[in-house]
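Notes follow once the structure below has been shown.
In the text below, chain A, chain B and the rest are named by the order of the sequence lines, each starting its count at 1.
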2 protein chains.
Amino acid sequence: MAITLEEIAKITGFSASTVSRVLTKQSKKYRISQVTEKVIIKKAKELGYRPNDLARGLRLKKTHLIGLMVPDISNPFFSYLTHIIQKKVYMNGYSLIVANTNEDINTEIEQLEIFRRKGIDGYIIMPVGTKYEHLADLIEHNKPLVLLDRNIDELNVNCVVVDNYRGSYEAIQYLINAGHKRIAIIQGLQNTYTNNERVLGYKNALADNGIKIDEELIVGNDFRRENGFISTKMLLKLSNPPTAIFTFSDLITLGTLHACMEEKINIPDSLSVVVFDDIDFAPFLVTPLTAVRQPREMMGEVAVKLLIDEIKNKSQERKKKIILEPKLIIRKSVRDMILGGNANHLNTTMEYHYD
Amino acid sequence: MAITLEEIAKITGFSASTVSRVLTKQSKKYRISQVTEKVIIKKAKELGYRPNDLARGLRLKKTHLIGLMVPDISNPFFSYLTHIIQKKVYMNGYSLIVANTNEDINTEIEQLEIFRRKGIDGYIIMPVGTKYEHLADLIEHNKPLVLLDRNIDELNVNCVVVDNYRGSYEAIQYLINAGHKRIAIIQGLQNTYTNNERVLGYKNALADNGIKIDEELIVGNDFRRENGFISTKMLLKLSNPPTAIFTFSDLITLGTLHACMEEKINIPDSLSVVVFDDIDFAPFLVTPLTAVRQPREMMGEVAVKLLIDEIKNKSQERKKKIILEPKLIIRKSVRDMILGGNANHLNTTMEYHYD
DNA sequence: ATTTTATGCGCAATCGTTTGTGCAAAAATT
DNA sequence: AATTTTTGCACAAACGATTGCGCATAAAAT
């Protein structure tokens, strides 16, 4: 159907190899005369020649395809990352294949299998959990790979994450400084890297401040909206409910807000809220939310850079672990339990920021 | 590197063709004995054979790749569509390549060119504008294509859009019913299908109600946040400012809210706002926004279904144009200029909805 | 016992590129 | 005029899979 090298060869009277060399700009290297070059280029344009990347990929073992695996593209945080990655990848001459694992390890494995059949040049993966044989196999076969947002310690691999532990710790510290003692968290999917780090940050912050950990206040099981909704309702119904909630994703936050609205809970008067992941709309909400903001564009950009480097540099002595810092954005969703009123005058040890 | 048919053939003592036939489940058709079948399958599993889709695609002229072109993935509306499409495409055994055109026609053309080299089986495109030679060429070459969100009338092509004209018309009618006469719109990118339809709905609604069109109140030039911000500021500074603003995208809305906050404009007391595209956070904003909601999942699902049908059915006598209906979600961002107070008791001719 | 039919599988071409090697003819050198 | 060098290009193999055709051998039919 489409026009091939062979056809151009027939028409111009040269061989396919000559046509190929001309069109891949290797005329000098292979001593093709300028006249021939002109003729071939002209004809190729005229016929609208378009190289077949399948054939090329087969021969060259390069597809200029990058595979991205994200847990949930409908989550604004991930979709924003996807956006950045798409942009950067394209700027480097690659195209992006995206897969959604839906936070399911089997889907992740299956999708990776499909990716590998396609001869993808490099992978950016935000792994679901802690199972990693499929990833280890990828590494063994020397496929360029960078882990994003979530690391797997056992793997010697390039990765870029944010300091989830610190983000969580500081958020909790901020709440404690505001006089809160009963602080709940609504977790995301357990046994993911991010979740583990955030839980740890929470626990250590409490411990360091001499507050006993109440397992009743640790709820939730995935990063979705419904989880936020249900978990918040449960927390509110506790005999001794929390005075503050720390949510682990923007989608969870949505559910929490929804639940608070239904229960006619005023934030921060009746309940303080701090959220992980800053949302574009956060400043315009009934109560502007105090949030841990992750450096999203930086994450995406660095991940792509690392990957492209690895693709080009095949050597890659040692893998790099990039850890980026989050930022606590203080707005108006935390109540000062000591002085009363809003706690947005309080500071943290973290670089902070108002807007 | 990876294990091939040929290697399995060598090891088992059969030919590559036999191995191929077994592994593609054509043993009966080609009368391969069950013993042979067993042996080959066992060995293939053992060696972790993974077919090379490049070679297969080259031979079969099928890649199981779907190409998606979106104007701006960071826009929640589009990222949600992307999510749905990814899911559906995967359920049908395809993988998704996504390109971001950035609302730039040249990028669209360039990206399409790249897609075509990759032997993609079908395309879902949300075109930037009204230039369509590259799309016409795609159709001429019988490549399965569906246009999404934005149609191009000149093209005989499958498409799924929502009735933007009606969505806009009804939103404006609602504002008029609430007593508004100076109604501004903040447009998106001009000469896109959606924008044209929405502007037309606006103008006709005004005309049908005997309100003169004031060009001063038609502002804006793209779907982004900055546009919303700047355009709102401009509108507010008019000597005779509007009493209501209709924004054309969720990102524009963000900018409008931002501007209103800076200018200390209360919604709806000082300014009524209706927005196109419903936002997850809309109910929780300082003022819950009255919005035209588009049936996003339906759009994505129908688009994929149409495409897969076209891929399978190559015949395709006549193309289908699917028009979905939007819904006006009435919340609290419109003031009743006649009775005062909120206009959320008012009805429209459209199917309406509270939440 | 011969012919026919069925069974089981391999050969080789093909998809569209790229690239190492080699061979004429032209140009330069002696 | 004979030899060497340079110029310009073609041949063919390779990448990994699929598939029409055909060829043995075995089983069935006569």
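Spacing between atom CG of A/Leu58 and atom P of D/dG16 amounts to 7 Å, rounded to whole angstrom units. Rounded to an integer number of Å, the gap from B/Lys10 NZ to C/dG10 P is 13 Å. Put simply, CG on A/Leu23 is 13 Å from C1' on C/dG16, counting in whole angstrom units. Counting to the nearest Å, the P atom of D/dC21 and the CD atom of B/Gln26 are 15 Å from each other. When the C1' atom of C/dT17 is taken as reference, atom CG of A/Leu5 falls 6 Å away, rounded to whole Å. Taking atom NZ of A/Lys29 as the reference point, atom P of C/dT19 lies 7 Å away to the nearest angstrom. In this entry the distance linking NZ of A/Lys118 with P of D/dC15 reads 22 Å, nearest Å. Across the protein-nucleic acid pair, B/Glu6 atom CD and D/dG16 atom P stand 10 Å apart, rounded to whole Å.
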Do nucleotides 8-14 of chain D as a string where each nucleotide becomes B, S or -: B if the base has a protein heavy atom under 4.0 Å, S if just the sugar-phosphate does, - if no protein is that close.
BBBBBBB

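Proximity of a side-chain donor or acceptor of B/Arg150 to a complementary backbone N or O of B/Met126 within less than 3.5 Å is not detected. Side chain of A/Lys321 to main chain of A/Val157: a donor-acceptor pair is present (N/O by atom type, distance under 3.5 Å, no hydrogens or angles). Side chain of A/Thr12 to backbone of A/Ile40: no donor-acceptor contact under 3.5 angstrom is found.
Phosphate contact (OP1/OP2 of D/dG16, side-chain N/O of A/Lys61, threshold under 4.0 Å): present.
Put simply, the residue from B/Leu65, B/Asp121, B/Leu307, B/Thr63 that forms a side-chain contact (heavy atoms from CB on, under 4.5 Å) with B/Tyr94 is B/Asp121. The residue from B/Lys118, B/Arg117, B/Arg116 that alone fulfils the salt bridge (charged side-chain N to carboxylate O under 4.0 Å, His left out) condition with A/Asp53 is B/Lys118.
Across all strands, B/Arg117 comes closer than 4.0 Å to no nucleic acid atom at all (heavy-atom distances).
Looking only at atom types and distance, the side chain of B/Thr82 has no donor-acceptor partner in the side chain of B/Ser79 under 3.5 Å away. A/Glu7 and A/Tyr49 are not linked by any side-chain donor-acceptor pair at a separation below 3.5 angstrom, with hydrogens and angles left out of the test.
Comment: B/Glu310 engages B/Lys319 in a salt bridge, judged by a side-chain N to carboxylate O separation of less than 4.0 angstrom. At a threshold of 4.0 Å, the pair B/Glu301-B/Lys87 does not count as salt-bridged, since none of the basic side-chain nitrogens sits closer than that to a carboxylate oxygen.
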What pattern of brackets, bars and dots sums up DNA chain C from 5' to 3', given Watson-Crick or G-U wobble pairs under 3.5 Å, [ ] for crossing pairs and | for another strand?
||||||||||||||||||||||||||||||

